[in-house]
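Beneath this line is the structure, given in structure tokens, with notes to follow.
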Amino acid sequence: MNYNELSVPEATILQKELKEKVITAPYRGNIRLIAGADISFNKFSTTVYAGIVLLKFPELTPVGYSLVEKEVTFPYVPGFLAFREVPALLDAWQQLPQLPDVLVVDGHGIAHPRRMGIASHFGVMVNHPTVGSAKKKLFGYYEEPGNNRFDYTPLKDKQGNILGNVLRSKPNVKPVFVSPGHLMDVDGSRELITACVQRYRLPEPTRLAHNAVNQFRLGTLTAGYTPA
DNA sequence: GCGACAG
DNA sequence: ATCTTGTCGC
């Protein structure tokens, strides 16, 4: 199926169907390899640069990255980010020589109007554990968390259901929004992201993925898979 | 009708 | 998201 030819109403129907496949449950198992995924592009261009960076866990040292370039015409519409970025990320995913235990996606998971943010969407597509880590809220209500490192508050819907957490990754910086993507639960997602935070606002997986796709777009890195 | 609105 | 320099605060 080609997302570029979908209309928003059609995409909405697809999200409602995919929603039934999302599994929000505690992740059982060891994590020795984690990954971060992100996209970069030039303003007004239909070319996107997608990348996935693999890191050893819990050391968080990068061990390789997969970079791909792809054309995309589906516009950015709040609530439908997946239809614009998932295709390219799938290409990068299929190019990985080894799959991570869990993938951290730049965006929300179930903290979405229809519980189908990009992290959940991608997780269902590849049937793999994912967690969403976003820089801004898309959906839900929350109280500002305390200003101490790792303070957090729940992100809820109007009925009081907890969709994720608002996490203060470091003092005096805006918090990050963490929610389960697929095969993960609310607490586990927060604990994992907390373990991925070092000295910056953003957790290492998405921070390094962001750096990689940006360098790729600017020509400092070349496409393909590269061990670190 | 008005405000909110991932990347 | 991207375009961009200096500047204020921990």
Side-chain angles (χ1 to χ4, degrees), chain A residues 3-4 8 11-12 15 18-19 22 36-53 67-90 92 103-124 130-142 144 146-149 151 155-158 163-182 189 193 199-203 205-220:
Chain A
Y3 288 168
N4 289 325
V8 170
T12 302
Q15 289 185 325
L18 283 176
K19 172 186 177 183
V22 176
D38 193 19
I39 294 283
S40 178
F41 57 88
N42 289 309
K43 203 172 183 179
F44 305 131
S45 170
T46 55
T47 302
V48 298
Y49 304 85
I52 294 178
V53 175
L67 300 169
V68 302
E69 190 177 322
K70 196 178 186 69
E71 289 302 303
V72 54
T73 57
F74 194 96
Y76 166 66
V77 180
F80 299 88
L81 176 64
F83 295 92
R84 181 174 166 70
E85 305 193 344
V86 161
L89 289 180
L90 280 174
L103 174 70
V104 180
V105 181
D106 187 16
H108 295 94
I110 63 172
H112 176 281
R114 289 168 293 286
R115 309 293 182 274
M116 276 306 299
I118 188 171
S120 298
H121 192 128
F122 190 83
V124 168
T130 59
V131 43
S133 176
K135 296 177 287 298
K136 299 176 185 175
K137 183 195 75 171
L138 167 66
F139 178 81
Y141 303 82
Y142 70 97
E144 193 69 19
N147 194 36
N148 294 309
R149 178 167 147 105
D151 274 351
L155 177 61
K156 310 174 181 178
D157 64 14
K158 212 164 187 175
L163 308 175
N165 280 294
V166 184
L167 176 68
R168 186 79 66 185
S169 50
K170 64 177 294 186
N172 307 315
V173 298
K174 305 281 284 183
V176 293
F177 299 77
V178 182
S179 60
H182 184 48
S189 296
I193 292 301
R199 52 170 302 194
Y200 300 95
R201 179 200 174 205
L202 301 181
T206 45
R207 191 178 72 81
L208 296 185
H210 187 277
N211 287 171
V213 293
N214 240 358
Q215 289 189 58
F216 177 34
R217 176 173 63 85
L218 300 174
T220 303

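Proteins come first, then strands; the chains are lettered A, B, ... in the order of their sequence lines, and each starts at number 1.
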query = Do A/Arg84 and A/Tyr76 have side-chain heavy atoms sitting under 4.5 Å apart?
reply = yes
message = For A/Asp106, give me all partners under side chain to side chain donor-acceptor pair (under 3.5 Å), at least two apart in sequence or on another chain.
response = A/Lys135
query = Base, sugar-phosphate, or nothing: which does A/Asn147 touch, judged by heavy atoms less than 4.0 Å apart?
reply = nothing
task = Please work out if A/His210 contacts a base, only the sugar-phosphate, or nothing of the nucleic acid, heavy-atom cut-off 4.0 Å.
result = sugar-phosphate
task = Go through the structure and list residues passing side chain to side chain contact (heavy atoms under 4.5 Å, CB included) with A/Leu90, not counting sequence neighbours.
result = A/Val86, A/Phe122, A/Met125, A/Val126
query = If you round to the nearest 0.5 Å, how far is CG of A/Leu89 from CD1 of A/Ile52?
reply = 6.0 Å
task = Step by step, work out the side chain to side chain donor-acceptor pair (under 3.5 Å) result for A/Asp38 and A/Thr206.
result = CA-CA 7 Å; A/Asp38 193 19; A/Thr206 45; over 6 Å; no
ask   = Given pairs defined as Watson-Crick or G-U wobble with both distances under 3.5 Å, what dot-bracket annotation applies to DNA chain B, with ( ) intrastrand, [ ] crossing, | other strand and . unpaired?
value = .......
query = Can you name the side chain to side chain contact (heavy atoms under 4.5 Å, CB included) partners of A/Lys174, sequence neighbours left out?
reply = A/Arg201
request  = Specify the closest pair of heavy atoms between A/Ala119 and A/Gly109, including all atoms of both residues, with the distance to one decimal.
outcome  = CB-CA, 3.7 Å
key: Check against side-chain contact (heavy atoms from CB on, under 4.5 Å), A/Gln15 and A/Arg115   = CA-CA 8 Å; A/Gln15 289 185 325; A/Arg115 309 293 182 274; over 6 Å; no
inquiry  = If the condition is side chain to side chain donor-acceptor pair (under 3.5 Å), which residues does A/Thr220 pass it with, not counting sequence neighbours?
reply    = none
ask   = Along nucleotides 3-10 of chain C, 5' to 3', which nucleotides get a B, which get an S, and which get a -, given that the test is a protein heavy-atom distance under 4.0 Å?
value = S------S
inquiry  = Can you tell me if A/Lys137 has over 12 outside heavy atoms packed within less than 6.0 Å of its NZ?
reply    = yes
inquiry  = My understanding is that only residues two or more places apart in sequence, or in another chain, count here; which of them pass salt bridge (charged side-chain N to carboxylate O under 4.0 Å, His left out) with A/Lys19?
reply    = none
query = Dot-bracket for DNA chain C: what is it, with Watson-Crick or G-U pairs under 3.5 Å, [ ] where a pair crosses earlier ones, and | for a pair to another strand?
reply = ..........
query = For A/Asn42 and A/Arg217, does a side-chain donor sit closer than 3.5 Å to a side-chain acceptor?
reply = yes
ask   = By a strict heavy-atom criterion of less than 4.0 Å, which residues belonging to residues 67-82 of chain A are in contact with DNA chain C?
value = none
ask   = Less than 6.0 Å separating the ring centroids of A/Phe80 and A/Phe74?
value = no
query = Mind checking what makes ring pair (Phe, Tyr, Trp, His ring centres under 6.0 Å) contact with A/Tyr3, not counting sequence neighbours?
reply = A/Phe83, A/His121
note = Min and max contacting nt of DNA chain B in 5' to 3' order, chain A heavy atoms within under 4.0 angstrom, are B/dC5 to B/dG7
note = Contacts of A/Glu71 meeting salt bridge (charged side-chain N to carboxylate O under 4.0 Å, His left out) (sequence neighbours excluded), chain-then-number -> none
